[in-house]
Amino acid sequence: MESITASKEWQRLAELRRAWQDRRISDAFDSDPSRAKTLSAEAGGIFLDISRQRLDGDVLDALFALSRARDFSGALTALWRGEFVNHTEKRPALHMALRGEPGDGIGSEETEKFVVEQRARMRALVERIRSGKRFDHVIHVGIGGSHLGPALALDVLDGANPDSDGPDVHFVSTTDPAPLVRLMKKLPRERTLLTLVSKSFTTAETTLNGETLIDWLADGKERAQVLHEQVIGISANVAAMNEAGIAEENQLCMPEWAGGRYSLWSTVGLPVALRFGMPAFEELLSGARAMDRHFRTAKPHQNLPLLLALVGVWNINFHEAPTHAVIPYSEALAKLPAYLQQLEMESNGKRVDRAGKTVDYRTAPIIWGGVGMNGQHAFFQQLHQGTGWAPLDFILVGGPDHGLKSQRDCMLANGLAQAEALMHGRDESVARNEDGDDELLPYRAFPGNRPSTTMLLDELDARRLGALIAMYEHKVFAQSVIWNLNPFDQFGVELGKKIAKRLEPAVSGGKMPDEPDPATRELLLRLKSKGNGQD
Ligand code: F6P
């Protein structure tokens, strides 16, 4: 296949980029005041406005042409059909099937059977636990994809249903001892359920924390009894769950064909159902399902994930943006940037293409961000007046104000204001008229022309969250097609894990590894001299 950057579609975009060199977004609004209407689309309760990007209809058409040249629709069909799109691990990527309905035809009959069976098992388990009323607390142990999605969903649903009567859910992901100790001091053993969540069931952090928490629950009791009464396992590795002693009726499966970072829709979503009931979890799935259908059927100009993907390609590959910020104006979405870090950076943070060849173009940017109103009082200074720039996704949330309308309106007004300020900026002459202090003019000028996308959610509930996450999932897939990457493997996480295993004995006061890295060796010696590694 011809190299992507040599293609006529890529070259056309490079030419359009040159034409945008001296053009400002505000000029584009002057010449086409209707662009706020034409450069927007809506689906799944999300209104998407890309009119504040440095682009116009010609750029968008050229981006669509690039996606056609990359056979975007063929890739979509292959994904949905269950072809081995994850070619390095020889498997399909069928996370959409986890939220599908019978008859949707995603993957094979076997795929559907698995989903129906596991959903039924999950429902039965949730009903058993919720109706038993024995547990006030759930400790969910898991990391990466086995943590970030459930944690985000819990925050959002807690915001939408402040009076939920389900158990409190506590997350344990890392092996930082302090939070674990705090939890074990605080929670009543008898009224705490432990869920061990790991696709592989070999992840070191989860195994270690799981063991510690089972011991804590047992507190002199038979471990077998505790495992039977208080421990749930969720994994694709049934043999490992058996080996760990988890009772068969307490096991839920997740499939091999959904990556960890795409697994919220599987039994990994258990804490959502435990706390808010199975219908709430199903609402989450229904929102994602609506976005799946939209992604497959909407025309390019109206297709939210495709638009987001192409705007990203335009910023990353043609305007050379090395980072991308996600700025929700909602505390319930505070964990969204972390969730998207894994989704985008673990999926498309690759430097070789599907054929194993080193690429000569940028791929996934560094994703970062935080709640907008906090950011305004912290990092927004750099975004407005610094030398670097970052494209931003503003996510604004309307809907119920929980009786505090002024606060909610203040949040919305600030989100709107930041997008406007970043785009228009303020030149020195305006600053002179407004502030009248000549000496400070250079300091008070804003260059502007900083692009952003705005998403407006009428409100934030399980369904819209499902749609929002699925929208980003499909954005990542569409970008992987343009960049010719496999977004479903993650070999880059392996090296550090191997080295950590090799170093553990030395950290614990044992022998230095053979041929230690000199810097690590010095650090290990220092740790030892300060008493670390001694019991
Ligand atoms: O180390 C990265 C990773 O493999 C992620 O892809 C995954 O979500 C996480 O670790 C946890 O893996 P598991 O669910 O198998 O414990």
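We use all heavy atoms of the structure for the numbers below, so side chains are in, but hydrogens, waters and symmetry mates are not. Every number for a ligand or one of its atoms is a count from 1 in the order of the listing.
Salt-bridge formation is not detected for the pair E473/R261: no Lys NZ or Arg NE/NH1/NH2 atom is positioned less than 4.0 Å from an Asp or Glu carboxylate oxygen.
Compare H147, M254, Q342 by their heavy atoms: the one nearest to atom 7 (C) of ligand 1 is in Q342. Across the listed options E205, E494, E346, E346 owns the non-hydrogen atom lying nearest to atom 2 (C) of ligand 1. Closest to atom 13 (P) of ligand 1 by heavy atom, among T203, I234, L148, V268, is T203.
For the pair R99 and W265, the cation-pi test (distance below 6.0 Å, angle within 45°) is passed.
Annotation: atom 4 (O) of ligand 1 to nearest protein heavy atom, K497 NZ, 3.8 Å. Annotation: atom 15 (O) of ligand 1 to nearest protein heavy atom, S200 OG, 2.6 Å. Taking atom 9 (C) of ligand 1 as the reference point, the nearest protein heavy-atom neighbour is I143 O, 3.7 Å. Of the protein's non-hydrogen atoms, the one nearest atom 8 (O) of ligand 1 is G145 N, 2.7 Å.
Checked against the 6.0 Å centroid criterion, the rings of H170 and H140 do not qualify as a close aromatic pair. A ring-centre distance under 6.0 Å is found for F488 and Y262. Two rings, from H319 and W314, have their centers less than 6.0 Å apart.
Taking only nitrogen or oxygen atoms, main chain and side chain alike, T206 does not reach within less than 3.5 Å of ligand 1. Annotation: S146 places an N or O atom under 3.5 Å from an N or O atom of ligand 1; distance criterion only.
Ring geometry, F379 versus W368: the interplanar angle exceeds 60°, so the pair is classed perpendicular (tilted spans 30 to 60°). The aromatic rings of F295 and F477 stand perpendicular to each other, their planes meeting at an angle above 60°, with 30° marking the opposite boundary.
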